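Treat the numbers as computed from the prediction; the structure is a model and nothing was measured.
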Amino acid sequence: MFIRFLLQLAIFWFSIHLFNYLLLRFQATKRSYLRLLRSLGCHISILNITFHTTSFNRLFYRIGSNNSRLWKIWFTLGIFIAFLTAICACLTLIFLPMKYIYDFQQANLFSTSNLTNNNERDKLLIQPIIPGVNVPLEQLGHFFLALLVCTVFHEFGHAVAATAEQVRLNGCGYFVLILYPGAYVDLNHEQVLMISAYRQLRIYCAGIFHNIVLVLVAVGFLLIHPIFLRHFFIETAIVSGIAKNSPISNLLPIHSTIESIDGCLIHTSKDWYQCLRSIRDQHSQKSSGYCLTQAEIQLLSSHIELNQTSNYDCCQNLSQKNYCFLYHSDQDSHQNGACMEARSVTKHNSCLLNSDCQIQGNDFLCVHPFSADNITRLIRISHNQGPVILFVGSINEIYRTITIQSYQAKYNFIPTILISDIPLFFQYVGAFSFALAFFNAVPCYGLDGQHILSSLIEYLSPNLYRKYRSHLTLGLIFGTGLLIINVSLAFARYFL
């Protein structure tokens with residue numbers, strides 16, 4: 001899946017660059033194509049498309065000019081929030097490498113072969129976000145929309161803070177780098193340098209501050225969301241998605257309610273996944289069976305194999321309706337096999353041992369579905385929109401291709417996206433906003449932290465700014481090195 005996604009991405013960029021090259025190559029299309037690019041403010045470079053516009057300059061100026069005093073109070077608060085974020089970010093980036101070294105030493109001490117397993121990867125504070133690797137491809141819409149909202153809101157803070165300080169905007173725009181969208185504002189840097197260092201700090205800290213505000217909004221929504229679900233939704237197990245390659249995609253309707261699987265009752269999505277794990281972890285001979293009398297076994301069986309071995313299929317794939325079931329009779333201690341119609345057998349009460357069936361009568365036996373490899377199972381899925389589904393195969397196919405959600409709306413006018421899609425979007429918003437605030441707070445070349453540190457040094461020592469330029473360079477080298485080390489270690493920890 002991930003390889004196919006990479007191929008599609010490569011084909012997309014190859015097509016863009018080929019299309020751009022051909023239109024610029026031929027004189028018949030070059031002039032009109034360049035005119036179109038200029039009108040759109042579009043620039044195409046290697047794995048990058050950028051759009052620039054001045055259309056929003058007047059809007060930003062109007063927003064920043066109205067109640068400029070309130071905006072200045074707002075962005076002054078942003079300075080303190082950005083400084084707190086910078087202190088936390090720098091301390092974290094100093095602490096993490098030491099923790100990684102300690103973990104590595106512990107791994108060597110106890111001779112563990114794999115430093116980072118899947119559960120530990122999910123707990124890493126800094127980890128790469130790559131669609132198709134740790135972002136499911138079906139969540140790409142949430143991923144890109146959240147990333148775009150976070151970057152736009154970040155740059156919106158810079159733009160409004162600049163106009164509130166009477167700094168002119170040259171324009172703004174957005175871009176796509178490889179596959180990651182982003183936004184930017186182009187400030188008049190000459191005017192920025194002419195204002196005081198304190199006013200510069202309001203502008204440079206605004207993006208970090210707005211990202212922290214967005215984190216608080218996302219966290220607030222996620223805290224309120226369970227209360228909202230409790231009042232406007234019913235807790236149940238609803239089929240919200242079925243992959244096209246699912247073996248039961250034509251049998252299980254979307255939005256149907258799952259009632260049970262192999263006798264395991266289902267009330268929520270949590271029950272569904274717990275039951276799947278329980279079935280997967282059970283040995284086939286200890287899995288759920290069905291109570292039948294010896295007379296019923298004789299009646300339903302097309303063939304009975306006495307002294308059945310554990311790796312022999314008594315049905316020999318003679319019919320798709322029939323399935324091999326194993327049982328022990330009271331008269332014979334050996335295991336027997338009976339080839340019976342699966343749907344008729346699975347209608348009976350479930351059991352684990354013969355003793356579970358003795359309540360119904362002394363002549364009842366517990367017959368278990370046969371599995372030669374302990375992977376293939378006969379699984380019975382009961383739902384509310386059709387007959388019981390019988391599936392023969394690996395439980396992992398069911399786990400991988402069917403998505404269950406735990407809530408159904410009480411009222412028809414309530415959209416189902418409130419159950420999982422919008423919360424998932426806010427999870428991405430919170431994560432991306434925090435990451436943008438965290439990394440931009442670090443004094444690093446090319447990030448907001450570079451300008452914040454420069455303005456801070458000028459504010460603290462306005463008359464000795466030139467003297468302290470060496471301190472600025474050392475601070476930026478330290479912050480940049482710290483960030484590179486942590487990002488490199490994060491990649492190593494995640495992929496190695």
Side-chain angles (χ1 to χ4, degrees), residues 60 64 68 71-94 150-173 175 177 182-213 433-487:
F60 286 133
S68 60
W71 281 122
K72 289 178 180 179
I73 295 173
W74 172 255
F75 290 118
T76 300
L77 175 62
I79 294 175
F80 295 102
I81 298 298
F83 282 176
L84 286 175
T85 306
I87 293 170
C88 294
C90 290
L91 290 176
T92 302
L93 294 180
I94 293 170
C150 294
T151 54
V152 167
F153 197 64
H154 177 99
E155 300 301 330
F156 175 80
H158 289 309
V160 174
T163 53
E165 300 294 342
Q166 302 301 311
V167 172
R168 184 163 57 90
L169 295 179
N170 295 329
C172 62
F175 61 88
L177 177 63
Y184 68 93
V185 291
D186 184 13
L187 303 178
N188 188 311
H189 289 286
E190 292 181 357
Q191 289 189 5
V192 173
L193 293 175
M194 290 174 61
I195 63 177
S196 67
Y198 188 72
R199 295 169 67 189
Q200 290 178 29
L201 284 173
R202 287 200 193 110
I203 298 172
Y204 293 134
C205 293
I208 297 171
F209 178 46
H210 272 211
N211 280 133
I212 294 297
V213 170
S433 282
F434 181 79
L436 282 172
F438 182 91
F439 289 117
N440 275 286
V442 179
C444 173
Y445 286 105
L447 298 179
D448 289 346
Q450 174 185 357
H451 306 291
I452 292 172
L453 181 61
S454 176
S455 299
L456 177 63
I457 292 175
E458 184 179 355
Y459 174 74
L460 296 175
S461 307
N463 299 324
L464 301 174
Y465 177 69
R466 291 185 179 180
K467 180 181 177 181
Y468 285 99
R469 285 189 66 86
S470 59
H471 294 71
L472 172 63
T473 303
L474 288 174
L476 292 176
I477 291 173
F478 175 76
T480 305
L482 204 58
L483 199 56
I484 291 173
I485 290 171
N486 277 272
V487 171

Legend entry - Residue pair Pro443 / Leu453: nearest heavy atoms and the distance that separates them: CB-CD2, 3.9 Å

Inset, instruction - Specify the closest pair of heavy atoms between Thr85 and Ala437, including all atoms of both residues, with the distance to one decimal. - result: CG2-O, 3.8 Å

Legend entry - Check: Ile212 and Leu84 side chains under 4.5 Å, non-hydrogen atoms: no

Inset, instruction - Would you mind reporting whether Trp74 and His210 have side-chain heavy atoms less than 4.5 Å apart? - result: yes

Legend entry - pair Tyr198-Ile79: side-chain heavy atoms closer than 4.5 Å: yes

Inset, instruction - Determine whether Val442 and Leu447 make a side-chain contact, defined as any pair of heavy atoms from C-beta on separated by less than 4.5 Å. - result: no

Legend entry - CD-OH distance between Gln450 and Tyr204, expressed to the nearest 0.5 angstrom: 9.0 Å

Inset, instruction - Compare all side-chain heavy atoms of Asn486 with those of Phe439 and state whether any distance is below 4.5 angstrom. - result: no

Legend entry - Separation of Asn440 CG from Ile208 CD1 (nearest 0.5 Å): 5.5 Å

Inset, instruction - Output the distance between atom OH (Tyr445) and atom CD1 (Ile484), rounded to the nearest 0.5 Å. - result: 11.0 Å

Inset, instruction - Kindly say whether Gln200 contributes a backbone atom to a donor-acceptor pair with the side chain of Glu165 at under 3.5 angstrom? - result: no

Inset, instruction - Determine the interplanar angle of the His158 and His154 rings, folded into 0 to 90°, and report it as parallel if under 30°, tilted if 30 to 60°, perpendicular if over 60°. - result: perpendicular

Inset, instruction - Please round to the nearest 0.5 Å and tell me the distance separating atom CD of Glu155 and atom CG of Asn211. - result: 9.0 Å

Inset, instruction - Over all heavy atoms of both residues, which pair between Phe209 and Gly78 is shortest? Give the atoms and the distance, please. - result: CG-CA, 3.3 Å

Inset, instruction - Mind listing the closest non-hydrogen atom pair of Thr480 and Leu476 along with its distance? - result: OG1-O, 2.7 Å

Legend entry - Exercise: identify the closest heavy-atom pair between Ser455 and Ala197: O-CB, 3.4 Å

Inset, instruction - Give a yes or no on whether Phe80 atom CZ has more than 12 heavy-atom contacts from other residues, nucleotides or ligands under 6.0 Å away. - result: no

Inset, instruction - Measure the spacing between CD1 of Ile203 and CG of Leu187 and express it to the nearest 0.5 Å. - result: 6.5 Å

Inset, instruction - Kindly check if the number of other-residue, nucleotide or ligand heavy atoms within 6.0 Å of CZ (Phe478) is above 12? - result: no

Inset, instruction - For Ala161 and Arg202, work out which heavy atoms get closest and say how close. - result: CB-O, 3.8 Å

Legend entry - Close side-chain approach of Arg199 to Val167, heavy-atom, < 4.5 Å: no

Inset, instruction - Mind checking the CD1-CG spacing from Ile477 to Leu482? Nearest 0.5 Å is all I need. - result: 13.5 Å

Legend entry - Steps toward side-chain contact (heavy atoms from CB on, under 4.5 Å) verdict (Cys172, Phe60): CA-CA 10 Å; Cys172 62; Phe60 286 133; 4.0 Å; yes

Legend entry - Non-hydrogen side-chain atoms of Thr151 and Leu436 separated by less than 4.5 Å: yes

